[in-house]
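In this text, all values refer to a predicted model and were calculated from it rather than measured experimentally. Sequence positions, counted from 1, serve as the residue numbers for this chain.
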Amino acid sequence: MVNLELRKRFVDSIEHIRKMDFFKDHSNLSSVKILEKIFGGK
């Protein structure tokens, strides 16, 4: 489990790169769900 501050930084990073059109295939997912998929190896 990642501590809350680090998790927040990951989510913030995902939100930032989403603005550059990353994760288009996952536009229906929140940044938190994308992070969970990454940590889950998907």
Mind running side chain to side chain contact (heavy atoms under 4.5 Å, CB included) on I14 and V32 for me, showing each step along the way?
CA-CA 9 Å; I14 290 170; V32 172; over 6 Å; no
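Contact record, L6 with N3: N-OD1, 2.8 Å, taken as the closest heavy-atom pair.
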Donor-acceptor list for residues 18-28 side chains, cut-off 3.5 Å, not counting sequence neighbours:
| residue | atom | partner | partner atom | Å |
| --- | --- | --- | --- | --- |
| R18 | NH1 | L29 | O | 3.0 |
| R18 | NH1 | S31 | OG | 3.3 |
| R18 | NH2 | H26 | O | 3.3 |
| R18 | NH2 | L29 | O | 2.9 |

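In terms of the side chain to side chain contact (heavy atoms under 4.5 Å, CB included) criterion, S13 has no residue partners (sequence neighbours excluded). When the side chain to side chain donor-acceptor pair (under 3.5 Å) test is applied to K8, the partners found at least two apart in sequence or on another chain are D12.
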